[in-house]
4 protein chains.
Amino acid sequence: MKNNKPKYMQIIDAAVVIIAQNGYHQAQVSKIAKQAGVADGTIYLYFKNKEDILVSLFQEKMGTFIEKIEEEIAGKPSAAEKLLTLIEKHFELLAADHHLAIVTQLELRQSNLELRIRINEVLKGYLKLIESIIHTGKETGEFRQDLDVRLARQMIFGSIDETATTWVMNDQKYDLAALAKSVHTLLVKGCGTAHL
Amino acid sequence: MKNNKPKYMQIIDAAVVIIAQNGYHQAQVSKIAKQAGVADGTIYLYFKNKEDILVSLFQEKMGTFIEKIEEEIAGKPSAAEKLLTLIEKHFELLAADHHLAIVTQLELRQSNLELRIRINEVLKGYLKLIESIIHTGKETGEFRQDLDVRLARQMIFGSIDETATTWVMNDQKYDLAALAKSVHTLLVKGCGTAHL
Amino acid sequence: MKNNKPKYMQIIDAAVVIIAQNGYHQAQVSKIAKQAGVADGTIYLYFKNKEDILVSLFQEKMGTFIEKIEEEIAGKPSAAEKLLTLIEKHFELLAADHHLAIVTQLELRQSNLELRIRINEVLKGYLKLIESIIHTGKETGEFRQDLDVRLARQMIFGSIDETATTWVMNDQKYDLAALAKSVHTLLVKGCGTAHL
Amino acid sequence: MKNNKPKYMQIIDAAVVIIAQNGYHQAQVSKIAKQAGVADGTIYLYFKNKEDILVSLFQEKMGTFIEKIEEEIAGKPSAAEKLLTLIEKHFELLAADHHLAIVTQLELRQSNLELRIRINEVLKGYLKLIESIIHTGKETGEFRQDLDVRLARQMIFGSIDETATTWVMNDQKYDLAALAKSVHTLLVKGCGTAHL
DNA sequence: GATGAATGAGTATTCATTCAT
DNA sequence: AATGAATGAATACTCATTCAT
């Protein structure tokens, strides 16, 4: 009967499920508490308020996300391979947790501006990772020397994110991970033919 | 289809101002009515409910948006030039209306899922436009024959959108339109060097 | 069916009844609204918040209270008669409204310090009235020349208030107004015999 | 009757400090426990519930209060001197403990009616003491024979209490004890001149 | 005796929408 | 057409008290 899982993660995992199932605006604290198997008041022993649950959720999940991708990337010799790995892992991790995919791609974006700014703080770690790959590519000569790093980063993140969001909005019907290679090719080569 | 009663656009324009100034969640119907110079109840003579104001807002503004871009594109001979024009116009139109930029890039995304799905319906016209350019490019040989049209469209839209959102979140400090050429080059050539 | 009584006073009167019947801490806004025959939200068209109902209640009732007493006192020639009239009216007005007596003598004193400070602001008008009678008495020679006005005021108000509170705590069992003369004699002559 | 366990008084003294510093409604059990240096649960080994802390606080402090005043009064030959001593001691004891003064004159009065009724039970001992002085005065001929004992008691207690409360609400800025003689004179002689 | 993590009941306030005028 | 007063559903958070250790 005893659940040794620390209540902190228990509540965060419950929040993911409840938000994915009910939507952001129908995810009441009492529902999350019930799903976590604790009393409403217990939530407030671990989180300052409701917003704190959501920011913590994003920090914990995104933190794990970035860590895993960093580990995988470290071993790859070229920027192209690093980028491919990043896209593959990103898609694989989303596909592996359908609830989390809904929460991060759709529901959490309904939060108010203040919360989204705090979420963006967490995202910065991921954007830095993308930028480091771009730098590597410019150093190895794989990428163009005149590449604007910020713009390239926006293209890479925007493309990955749009692809993932479209996939979630289509009810995760198709195999997201299978798209990684094509997205990678697009990002490296662009739409044009090589000789242009 | 467009409602020609003057109060209709009066209310939509008021909504843009109020949402940009107060944020999505602080944009009460009564505030919009006051800004539009009408009584609260009058709103409901022109719109079914609050959501209808927002969807109509997006339809009206995005409709104009697409029309203008379509006109400009029509005259361009190549897919590359069409794409460049689309990016340029997109950035120019956003830069020309600071309020609208805030509303479409930040505030309207906080709306609930149902509303966002209806907004996406409106967006489809724009996405079709992008896809038609991609088709053109494949036909003229400018773009790769094995290009996945949907993925290419997601890359193009995702990159443009991410670039615009980053610009708004940075308080529209720099010249967005000036980035059009670089974004275009990135989308056509990708990050890699030509010979790869 | 139409009730022409302005809702503002309707709500204040409802608050007096509900607080007297249920006690300060059991006087929920929804109960007051129901008693007043309006919707919960209507309360907030007339009052900023719950505290505002209570302060307004005290202002309205105490304002009437002070006005009535001032009118009666104005015609009295001597300080002694003015004081007697003040005590009589004070006791009569409390005895005339059992609900109000409970609310002002018992329930409103449970409010938090901030509210009580605002209530004290209203009370100041009454205390000024008492002080003006004391000044009159010193001028006419009825009262001792070395009388400390503030202390005398504290004795007069303290005695009246303590007498009223004791009466309410004894469930208003006896005739409060009948005590006015004795209280007046006590305040003018003190406990001691005249020759001391 | 007094609980001799050291933690009992430790908790009561902590309650006085916490209530004086934070106000009645911000004096949570957990704050009192922390100030007393015990765990929250330990409170409930010494007190039945929170109300019991407050009633016990009043009993302990008021008990000491009454005892000290009784001792001092016993030696005085006349009712006038007894009354003067009572007022002096009352004011001196309040002035000696600023925290206690705030708690008894302001904060404890915000408690709910039930608690205040229990506090009044404790107060009865003090009121009896005042009545015994009045009886003495009537017997010795110092006080008027037609004095209504209850009314005289209400005047005496009301005046002392109002004077003390006003002093606390003025942040204990002036010397309360210095007012004892004047208050005493007022109570014995009243406001009027001797020959009236 | 002592601890402190866990409990769960209870309520003021906002705002989209209506409808009598 | 236009008004705007009235409606009423819906929800995060606190804190006194308990009880397993």
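So you know, we letter chains A, B, ... as the sequences are listed, proteins then strands, and number each from 1.
More than 12 heavy atoms of other residues, nucleotides or ligands sit less than 6.0 Å from atom CD of Gln21(B).
The separation between Glu51(C) atom CD and dT11(E) atom P is 18 Å, rounded to whole Å.
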Evaluate the criterion side-chain contact (heavy atoms from CB on, under 4.5 Å) for residue pair Glu121(A) and Gln59(A); output intermediate values, then yes/no.
CA-CA 9 Å; Glu121(A) 287 301 311; Gln59(A) 281 173 335; over 6 Å; no
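For Gln26(A) and Ala39(C), each mapped to the nucleotide of DNA chain F holding its nearest heavy atom, the one lying further toward the 5' end belongs to Ala39(C). Two residues, Lys48(A) and Gly37(B), neighbour DNA chain F, and the one matched to the more 5' nucleotide by heavy-atom proximity is Gly37(B).
To the nearest 0.5 Å, atoms CG (Leu100(B)) and CG (Leu57(B)) are separated by 7.0 Å.
Counting only heavy atoms from C-beta on, Thr42(C) has its side chain closest to dT7(F) among dT7(F), dC13(F), dA2(E).
At the heavy-atom level, Phe47(C) lies nowhere under 4.0 Å from the strands shown. At a threshold of 4.0 angstrom between heavy atoms, the contacts of Val29(A) are confined to the sugar-phosphate backbone, with no base atom among them.
Between Lys7(C) and dA6(F), a side-chain N or O to OP1/OP2 separation shorter than 4.0 Å is present. Checking the phosphate oxygens (OP1, OP2) of dA1(F), no side-chain nitrogen or oxygen of Tyr46(B) falls inside 4.0 Å.
Side-chain contact, Lys31(A) with Gln28(A): a donor N or O sits under 3.5 Å from an acceptor N or O.
Pairing of dA1(F), defined by two Watson-Crick or G-U wobble distances under 3.5 Å, is not identified with any nucleotide. Nucleotide dA9(E) has dT14(F) as its partner under the Watson-Crick or G-U criteria, with both atom distances under 3.5 Å.
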